[in-house]
A.B. asks: 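Take this structure first; my questions come after.
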Amino acid sequence: MGRFGLRCLSTYGKPPLSRDRRSVLEHVLDGYQRATPLADGWADHAGLRQLFPLLMDAVFFGRGYAEQSLKTARAALAR
């Protein structure tokens, strides 16, 4: 899974919990960190990275994603 996949996992919420009560996202991030460590502070820019998939979904699926896109953009700009 590439960084785009990480963005999508973090954009659309946490997938169901695994047996050890950690989210699938947490497991994926741990594995990613072991294989190809992410730069320090990568999560600080998560909102900016989430905009592209959110905007694509706004085009294809409508208003709910447009509103989420605006909220994400405003939060990223406020940092």
Side-chain angles (χ1 to χ4, degrees):
M1 171 178 295
R3 292 179 189 212
F4 183 78
L6 292 176
R7 280 180 274 194
C8 289
L9 276 177
S10 62
T11 300
Y12 300 110
K14 293 184 178 181
L17 293 174
S18 61
R19 286 185 218 154
D20 66 358
R21 307 297 296 161
R22 293 176 57 211
S23 72
V24 173
L25 176 60
E26 290 171 308
H27 282 286
V28 170
L29 287 173
D30 286 349
Y32 199 94
Q33 285 289 74
R34 284 193 298 275
T36 308
L38 296 163
D40 290 339
W42 73 273
D44 296 338
H45 300 95
L48 290 174
R49 291 185 191 103
Q50 293 169 344
L51 275 177
F52 179 70
L54 285 171
L55 290 169
M56 283 185 1
D57 284 350
V59 169
F60 291 113
F61 303 114
R63 184 178 184 98
Y65 288 104
E67 291 171 2
Q68 189 176 354
S69 298
L70 285 171
K71 181 180 173 184
T72 301
R74 287 183 180 126
L77 290 172
R79 289 182 178 240

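This chain uses plain numbering: 1 for the first residue, then up along the sequence. Keep in mind that the numbers below use all heavy atoms, side chains included, and drop hydrogens, waters and symmetry copies.
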A.B. asks: Which pairs would a plain distance check flag for residues 51-60, meaning a side-chain donor or acceptor within less than 3.5 Å of a matching protein atom at least two apart in sequence or in another chain?
C.D. replies:
| from | atom 1 | to | atom 2 | distance (Å) |
| --- | --- | --- | --- | --- |
| D57 | OD2 | Y12 | OH | 2.4 |

A.B. asks: Just to verify, what does Q68 make a side-chain hydrogen bond (donor to acceptor under 3.5 Å, both in side chains) with, not counting sequence neighbours?
C.D. replies: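 With neighbours one apart ignored, the set is empty.
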A.B. asks: Return each pair, listed once, that meets salt bridge (charged side-chain N to carboxylate O under 4.0 Å, His left out) where at least one residue sits in residues 27-38; pairs must be two or more places apart or across chains.
C.D. replies: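 Residue pairs passing salt bridge (charged side-chain N to carboxylate O under 4.0 Å, His left out), neighbours aside: R22-D30.
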A.B. asks: Run the salt bridge (Lys or Arg N to Asp or Glu O under 4.0 Å) test against R63 and tell me which residues pass, sequence neighbours left out.
C.D. replies: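 Listed in chain order: E67.
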A.B. asks: Are the side chain of T36 and the backbone N or O of Y32 linked by a donor-acceptor pair below 3.5 Å?
C.D. replies: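 Looks like no, no N/O pair under 3.5 Å.
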